[in-house]
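These values consider heavy atoms only, across backbone and side chains, with no hydrogens, waters or symmetry-generated copies. For the single chain, residues carry numbers from 1 onward in sequence order.
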Amino acid sequence: MKYSLKTLNKSMWKSHKQTKDLLTMAELRNSGGAGVAAAEFPGNESIDKGSEKVRRKKSYNLSQKIGLFLGPALFLLILFLLPLPGLSTEGRAVLAVTAWMAVWWILEAMPLGITSLMPLVLLPLLQTVEAGVVASSYGDNLIFLFIGGFALALALERWNLHERIALSIISAVGASTSGLVLGFMLATGFLSMWVSNMATVMLMIPIGLAIIAKVVTLMKEDDVYTKEEETKFTKSIIFAIGFGGTIGGSATLIGTPTNLVLAGLASELLGIEISFAQFFIFAFPLVTLLMIVSIFYITKIAYPMKVKNIRNGKQFVVERKKELGKMGYEEKIVLAIFSFTAFMWMTRTFIWSDIIPGLSDTMIAMVAAILLHLIPASGDSGERILNGDSLKNMPWGVLLLVGGGLALASGFNGTDLASWIGSQLLLLEGTSYLLILAVTTLLGIAMTQVTPNTATVTILVPITAALALAIDVHPLPLMTAVAMGAGFAFMLPIGTPSNAIIFATGKITMIDMLRKGSGLTVLAFILIVVFVYFILPVVFGINQHEYPDSLK
């Protein structure tokens, strides 16, 4: 039995690797296209080399080609032709750059990080913002906060501590079919608060597939198996992993780039610092409630199962934990640094600000990153908990995207563009504040279903800040509503990498995602509006119904 379970586990990881390689086109990248079967795909062309056909991937697909020309065309149109009465030449230039970058971000004409470098060239060239000011945006404190967070994530993954945490959570609650769904969602959600959503889902999928196979076998042994029950359980676990990763990441500043972009733009546009603890106090209850209701929705409404309990349902998880063995030296070190960092982040504003003046979340993250690269690993390998090559695995594209957003924000601040946009939105003046809050939240949710969520936040947050000035309300709630909305993409595979990964398993269809994702999207929309309206002002100590004089 033990041998068969090990064999099953190995086969699931092999299947997982094949899925990942397919998703990332690893074979094409490694071989340069040589030796790959010449299957016909849209956007590809086949050429003959002797008797062998080789598939060559085109540099640009149709949407990228459209974006490639639409971006500069829109830039020139705004800069020279479009009538924009009341807007200065400098403000017009920043708006033109923003439009160009927005098109390239949305249609991904270039990698998002490379597009994000355009302000370094265009803003100084157009004499809107000095080159030094633009460049400093890419070295903002929050960039280094994110670097520290990813150092922790890389250490968790390198020493397999994330799998131990996941299995511990699952084994604690997984005594039934519903319990297993609960365990997978909680484990994925917790890990995604600290590790990237994509990495977390990639970890959990092979574990989930192995559990599904084991449970199906046990159903057959108990003579309670039907094809319908297998389908329901399979889809429940897959959605619990995918949705859990998306939901959990929104609980912390480092869990998803959208939150980091929000914090950066709030500091750049408003001079407001969003601390790790403040954001967690606001977002964690929202995320917890959404996760609980999501579990109820998946297990009781979307996929209610007749089989409630599985004999020895936790056996596979227990045996996998035995295979991992006792926690090693490196795992203990990573767990200690992880716990210390989380504790310091959570208590900085309550305990440490008076004791250590000037202490920031970024400083805490940097201490963690330094310790991880300083402490040696066990044995005579000469390695450390994290080696220098960990820098190659940092998400530099995301970091550049955050920096590009901050650079654009400096353009909004350095010209009259923000106030001009606000004046154009005065037609909403007199409209119910709750309605405006709902519309901005819905806009963030809608855009993130089809565009990268970080790009969505980078584009919309400065606009909502200008809207707040125009209608004389505090900008932070509207900005937070857009950012939180952009964090919840449930409906399409293209919404987030997490969605793409669970869709790539072949266990769920596009219709499944649309139907089940729509229900969660509506729920997320309601919770965001309620929490932003009632909870956020209390946590941040603001009056949301008036624009502060200090920010004008």
Side-chain angles (χ1 to χ4, degrees), residues 185 189 192-193 197 243-253 255-263 265-266 272 274 278-297 428 431-465 467-468 471 473-492 495-496 498-499 516-540 542 544-545:
M185 181 164 278
S192 66
M193 290 165 55
N197 299 353
F243 290 165
T246 300
I247 295 170
S250 294
T252 65
L253 277 182
T256 178
T258 57
N259 294 344
L260 197 69
V261 172
L262 169 67
L265 292 177
I272 296 176
I274 300 178
Q278 273 183 315
F279 188 86
F280 184 81
I281 292 171
F282 159 72
F284 183 72
L286 189 161
V287 165
T288 302
L289 186 57
L290 181 58
M291 197 165 290
I292 291 172
V293 178
S294 298
I295 294 167
F296 177 83
Y297 172 72
L428 292 173
T431 306
S432 166
Y433 171 71
L434 196 58
L435 177 61
I436 294 173
L437 181 62
V439 169
T440 54
T441 304
L442 189 61
L443 185 61
I445 290 176
M447 276 191 65
T448 200
Q449 305 300 325
V450 294
T451 63
N453 51 16
T454 41
T456 298
V457 175
T458 306
I459 295 165
L460 292 182
V461 165
I463 294 174
T464 54
L467 171 61
I471 62 177
V473 298
H474 201 290
L476 189 59
L478 296 182
M479 294 164 66
T480 304
V482 164
M484 292 296 289
F488 296 133
F490 301 116
M491 296 171 62
L492 294 171
T496 65
S498 301
N499 289 358
K516 306 309 179 285
S518 296
L520 276 190
T521 299
V522 172
L523 177 62
F525 166 72
I526 294 171
L527 287 177
I528 291 171
V529 172
V530 170
F531 269 75
V532 168
Y533 189 81
F534 292 105
I535 307 298
L536 186 143
V538 177
V539 173
F540 287 88
I542 62 173
Q544 63 183 324
H545 295 292

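- A pairwise comparison of heavy atoms in I295 and M185 identifies CG1-SD, 3.3 Å as the closest pair.
- Judged by distance alone, the side chain of T258 and the main-chain N or O of G487 form no donor-acceptor pair under 3.5 Å.
- At least one side-chain heavy atom of L536 sits under 4.5 Å from a side-chain heavy atom of I542.
- Counting all heavy atoms, side chain and backbone alike, G248 lies closest to M291 at N-CE, 3.9 Å.
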### Task
Could you go through the side chain to side chain contact (heavy atoms under 4.5 Å, CB included) check for I274 and L262 one step at a time?
CA-CA 9 Å; I274 300 178; L262 169 67; 4.1 Å; yes

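- Side-chain contact between L523 and Y297 is absent, with no heavy-atom pair separated by less than 4.5 Å.
- Side-chain atoms of M193 and V287, non-hydrogen and from C-beta on, never get closer than 4.5 Å to each other.
- With values rounded to the nearest 0.5 angstrom, F531 atom CZ is found 5.0 Å from L286 atom CG.
- T480 has its side chain out of reach of F540: every pair of non-hydrogen atoms, C-beta onward, lies at least 4.5 Å apart.
- Taking all atoms of both residues into account, the shortest heavy-atom contact from G249 to S192 is N-OG, 3.1 Å.
- Looking at N259 and M484, their side chains come closer than 4.5 Å, going by heavy atoms from C-beta outward.
- Here the NE2 atom belonging to H474 is positioned 4.5 Å from the CD1 atom belonging to I272, to the nearest 0.5 angstrom.
- Residue P475 comes nearest to A468 through the heavy atom pair CA-CB, 3.4 Å, listed as atom of the first residue, atom of the second, then distance.
- If you take CG on L290 and CD1 on I247, they are separated by 4.0 Å, rounding to the nearest 0.5 Å.
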### Task
Take V473 and L478, measure what side chain to side chain contact (heavy atoms under 4.5 Å, CB included) needs, and give me the verdict at the end.
CA-CA 9 Å; V473 298; L478 296 182; 4.1 Å; yes

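- Residue T440 forms a side-chain contact (heavy atoms from CB on, under 4.5 Å) with just one option from V461, V482, I463, and that option is V482.
- Between F488 and F490, the ring planes lie parallel to each other; the angle is under 30°, not in the 30° to 60° tilted range.
- Separating the CG atom in L527 from the OG1 atom in T441 is a distance of 11.5 Å, to the nearest 0.5 Å.
- Here the straight-line distance linking atom CG of L460 with atom CG of L443 works out to 5.0 Å at 0.5 Å rounding.
- Using modelled atom types, one side-chain atom of T252 and one backbone atom of G255 make a donor-acceptor pair closer than 3.5 Å.
- Closest approach of I281 and P285 over heavy atoms only: O-CD, 3.1 Å.
- Below 30°, between 30° and 60°, or above 60°: for Y533 and Y433 the angle between ring planes is between 30° and 60°, a tilted geometry.
- When all heavy atoms of L265 and P462 are compared, the closest pair comes out as CD1-CD, 4.0 Å.
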